[in-house]
Amino acid sequence: MKTKSLPFPLTSDQSFYEALGDWIGDVFYDILPEKGLELRDEQIFMAFQLEQAFKKKSIMFAEAGVGTGKTLAYLLYAIPYARYTGKPAIIACSDETLIEQLVKKTGDIHKLEELLGLTVDVRLAKSREQYLCLKKLDKTTSKSDDEELDEVYEQIPDFVYGKGSMSSFYPYGDRKEFPYLDDDQWKQINWDSLQDCLSCDVRHRCGQTLNREHYRSAGDLIICSHDFYMEHIWTKDARKREGQLPLLPEASAVVFDEGHLLEFAAQKALTYRTSLSNLSIILDKLTSNDIREKTLYLIDRIVEQHDEWFASISKHADHESVSERRAIHRHEEVLTNSRKLKGSIDQLLEELVFESELYVIDEYDLKIVEEYLELVLFSLKLLLDDDGAIIWLEEAADDETLVIMPRLVEDILREEVFSKKIPTIFSSATLSVKEDFSYLAKSLGIDQFDSFSVSSPFDYSNTMNVKIHLVDEFEKGEKQTKLLESHPHGSLILFNTKEDQELYRYGYAHELGEETSLYYEGDEEISTLVEKFQHDHSSILSSYHLWEGLDIPGDSLSQVIIDSLPFPPQDPVFEAKRNHTSDPVNEVDLPYMLLRLQQGIGRLIRTSSDAGEVHLFLSDEDQKWLHEIEHILPVKPLIIKG
């Protein structure tokens, strides 16, 4: 057991937890005040509540208002505990776009290092989509004349193409390294589910592989997103069976920052996706082998039936919806085509057993094909059985994808995540409904937990003004532009969807003038945009994701404009939630909206010296929620009509 790296002495007559408690006390009552930091009773209370979770290795709901210093409190326990156990602690953030926030120069980890004289070994574990795929890059650039994509080659290390020695290998290929690419360009060259990484001839020189090796050896902290953590949970057993390491190493403790959003990540990670183009690509692996004519004929039939299946799904999908997720109607034509395809795939799997005995098919190709066919069969079964799964169609310019998601995940979470005896902390300003945590606990399959709530220490009455604008949709963009023009410091404008952002961008933003710096989510890598915004104190950041987690104190962010109430989308996922409640508005839509609204408003005041204004725009339809909105606001709002 390594104790020499602990930030405090550990003697033979003292347990680790006693020494840890003494050190935490010294930090709050001696070290931080000597460094000029104010003593916050709320933060100290939270810290000593967390001590019980680490001692008992239990689950803790830690609800603490903005400004409590939640991150610093849990880091003071997570880092020593990681060193004591010899396993890194995992900090899972709500969104992939936010994991850079903790490690930036003005972030909490860097502050902790400076205040306590520590060197923290913290590494980022990003989802696979956040890494460059060399194969896709070659394929895309061979067909494209996009000069910015060509520039990517200039940033690839020499060793990738055999010009460097094995000893010179180092991580590369992170999305952050290519900030000049917009999201659409990045999707043309990043990893996707069609890449057969195990058989790739550049796998051991791949940026994703090298980044995996890098963060697995972290000594203190690994920071990832909720999505990536849940993907690790669902895939770890399968990866072990295939001779691969799990996506994340064994952890000493887990902290779910903005933990109220974990259920959505769990659902997303359990999602099954079947695309129109994938099956023919996968089955081509078989036709390149020396297989029987009977099997070739069956493959051709399946490809044809698969196309007919997708055509019927698309025909009976809800194309009127504004959501990207098209609900699928279980029309008899869809069911008939599903049964035909299922029968043919069952037959092909039987034939492949015979083909494998002839040793004419590459073993790896056979494995890939069988696994994908099993996935399609599973999708077909769920579609035919109607057992409560949520099913929808996603349409892109060149492909269609059938998506299947479980409605309830609590049983799986209970077994795979919350039965483990390690400290598990849920941290957020909003985890309970009137200090009752049972709704969140039930949705996540958590049977036993500890909890506490502490309010924000900030004096909002003297630092925050909230103005609610009652306007129609035709006046809204113009009034938002005037607010942005008249504000001399940094402004954040939050939209509910990307479509809403684009509507403002192309409808009103041109009125701001060319000298205004306006950064749009999606134009560059998100942490790069946030950094630019923070250093340009009179700029504007437009986002539809950064309702949570964005931490920018001072004049860099002193005005928050909320374009509309952040109600959940009218898509199949939320429709399933609505259909399983007696009062969908009050049990699904309204709680979601109020929670997200609180988070958005919380972006404004980040320190006791911050001040500014929040502007919330309500349509005629949304004005009926005015009473509920006023109830959750930290200050009494000024209502402005027209």
Side-chain angles (χ1 to χ4, degrees), residues 1-91 102 107-122 219-221 251-257 422-429 431 449-458 606-608:
M1 185 179 297
K2 296 180 180 179
T3 58
K4 63 181 181 180
S5 62
L6 292 174
F8 50 82
L10 185 59
T11 60
S12 58
D13 61 343
Q14 196 177 32
S15 73
F16 166 76
Y17 297 103
E18 289 172 333
L20 176 62
D22 289 345
W23 178 68
I24 296 288
D26 290 341
V27 169
F28 282 117
Y29 291 109
D30 295 327
I31 300 174
L32 296 186
E34 286 177 5
K35 300 284 187 178
L37 271 71
E38 59 184 298
L39 206 61
R40 297 178 187 172
D41 291 338
E42 295 87 356
Q43 188 180 45
I44 294 170
F45 176 80
M46 176 180 178
F48 285 102
Q49 291 295 314
L50 291 178
E51 182 180 11
Q52 298 305 309
F54 279 84
K55 276 185 177 180
K56 295 161 58 178
K57 299 180 177 61
S58 63
I59 297 168
M60 172 73 77
F61 290 129
E63 183 176 61
V66 176
T68 307
K70 298 182 290 293
T71 307
L72 181 64
Y74 67 63
L75 287 174
L76 286 172
Y77 284 95
I79 294 168
Y81 193 72
R83 297 182 181 188
Y84 176 68
T85 59
K87 301 173 185 175
I90 291 175
I91 313 296
L102 277 174
D108 286 311
I109 293 175
H110 187 68
K111 291 177 186 175
L112 192 68
E113 289 182 314
E114 290 186 329
L115 290 168
L116 302 181
L118 291 175
T119 299
V120 180
D121 184 5
V122 53
D220 294 324
L221 304 172
S252 58
V254 180
V255 178
F256 294 110
D257 210 330
I422 63 172
T424 304
I425 311 299
F426 285 80
S427 172
S428 178
L431 291 171
F449 60 89
D450 297 315
S451 65
F452 67 87
S453 293
V454 292
S455 58
S456 171
F458 294 152
R606 307 306 299 173
T607 70
S608 57

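Along the sequence shown, the residues carry numbers beginning at 1.
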Worksheet item: What do the steps show when you test Phe8 against Asp26 for side chain to side chain contact (heavy atoms under 4.5 Å, CB included), and what is the final call?
Response: CA-CA 10 Å; Phe8 50 82; Asp26 290 341; over 6 Å; no

Item to complete: Kindly determine whether Asp22 and Gln14 satisfy side chain to side chain contact (heavy atoms under 4.5 Å, CB included), including the steps that lead there.
Response: CA-CA 10 Å; Asp22 289 345; Gln14 196 177 32; 2.8 Å; yes

Fill in: Phe452-Phe45 aromatic ring centre distance below 6.0 Å
yes

Worksheet item: Between the main-chain N or O of Ile59 and the side-chain N or O of Thr424, is there a donor-acceptor pair closer than 3.5 Å?
Response: no

Worksheet item: Taking all atoms of both residues into account, what is the closest heavy-atom pair of Gly65 and Ala429, and its distance?
Response: CA-CB, 4.2 Å

Worksheet, complete the sentence: All heavy atoms of Pro423 vs all of Ala53, minimum pair found to be CB-O, 3.9 Å

Item to complete: Please tell me if the side chains of Leu72 and Gln43 come closer than 4.5 Å, counting only heavy atoms from C-beta onward.
Response: yes

Worksheet entry | Flag side-chain contact, heavy atom, 4.5 Å: Leu76 against Leu116 | yes

Worksheet item: Out of curiosity, Ile425 CD1 to Lys70 NZ, how far, rounded to the nearest 0.5 Å?
Response: 14.0 Å

Worksheet item: Do you know the tightest heavy-atom contact between Met60 and Leu50?
Response: CG-CD2, 4.2 Å

Worksheet item: Roughly how far, to the nearest 0.5 Å, is CZ of Phe54 from OH of Tyr81?
Response: 7.5 Å

Worksheet item: Is there a side-chain contact between Tyr74 and Asp257, using heavy atoms and a 4.5 Å cut-off?
Response: yes

Item to complete: Locate the shortest heavy-atom distance separating Arg83 from Ser5; write the atom from each residue and the value.
Response: NH1-O, 2.6 Å

Discussion item. Quick check for you: to the nearest 0.5 Å, what is the distance between Asp108 atom CG and Ile91 atom CD1?
Written reply: 11.0 Å

Worksheet item: Got a second to check how far Lys111's NZ is from Leu37's CG, nearest 0.5 Å?
Response: 8.5 Å

Worksheet item: From Ser455 OG over to Glu42 CD, what is the distance, rounded to the nearest 0.5 angstrom?
Response: 5.5 Å

Practice prompt. List the atom of Arg40, the atom of Gly69, and the distance in Å for their closest heavy-atom pair.
Written response: NH1-N, 3.7 Å

Worksheet item: With respect to Val122, which candidate in Leu102, Ile79, Leu221 satisfies the side chain to side chain contact (heavy atoms under 4.5 Å, CB included) definition?
Response: Leu221

Discussion item. For a 4.5 angstrom cut-off between non-hydrogen side-chain atoms, does Ile422 reach Ser252?
Written reply: no

Worksheet item: From Ser427 OG over to Phe256 CZ, what is the distance, rounded to the nearest 0.5 angstrom?
Response: 12.0 Å

Fill in: Closest contact, heavy atoms only, Val66 versus Arg606
CG1-NH1, 3.6 Å

Worksheet entry | Side chains of His110 and Glu113 in contact at under 4.5 Å (non-hydrogen atoms) | yes

Worksheet item: Would you say the side-chain atoms of Ser15 pair up with the backbone N or O of Glu18, donor to acceptor, closer than 3.5 Å?
Response: yes

Item to complete: Compare all side-chain heavy atoms of Val454 with those of Gln49 and state whether any distance is below 4.5 angstrom.
Response: no

Worksheet item: Under the side chain to side chain contact (heavy atoms under 4.5 Å, CB included) criterion, do Ile31 and Leu115 qualify, and how do the steps go?
Response: CA-CA 8 Å; Ile31 300 174; Leu115 290 168; 5.7 Å; no

Worksheet item: side chain to side chain contact (heavy atoms under 4.5 Å, CB included) between Leu20 and Tyr84: does it pass, once the steps are laid out?
Response: CA-CA 10 Å; Leu20 176 62; Tyr84 176 68; over 6 Å; no

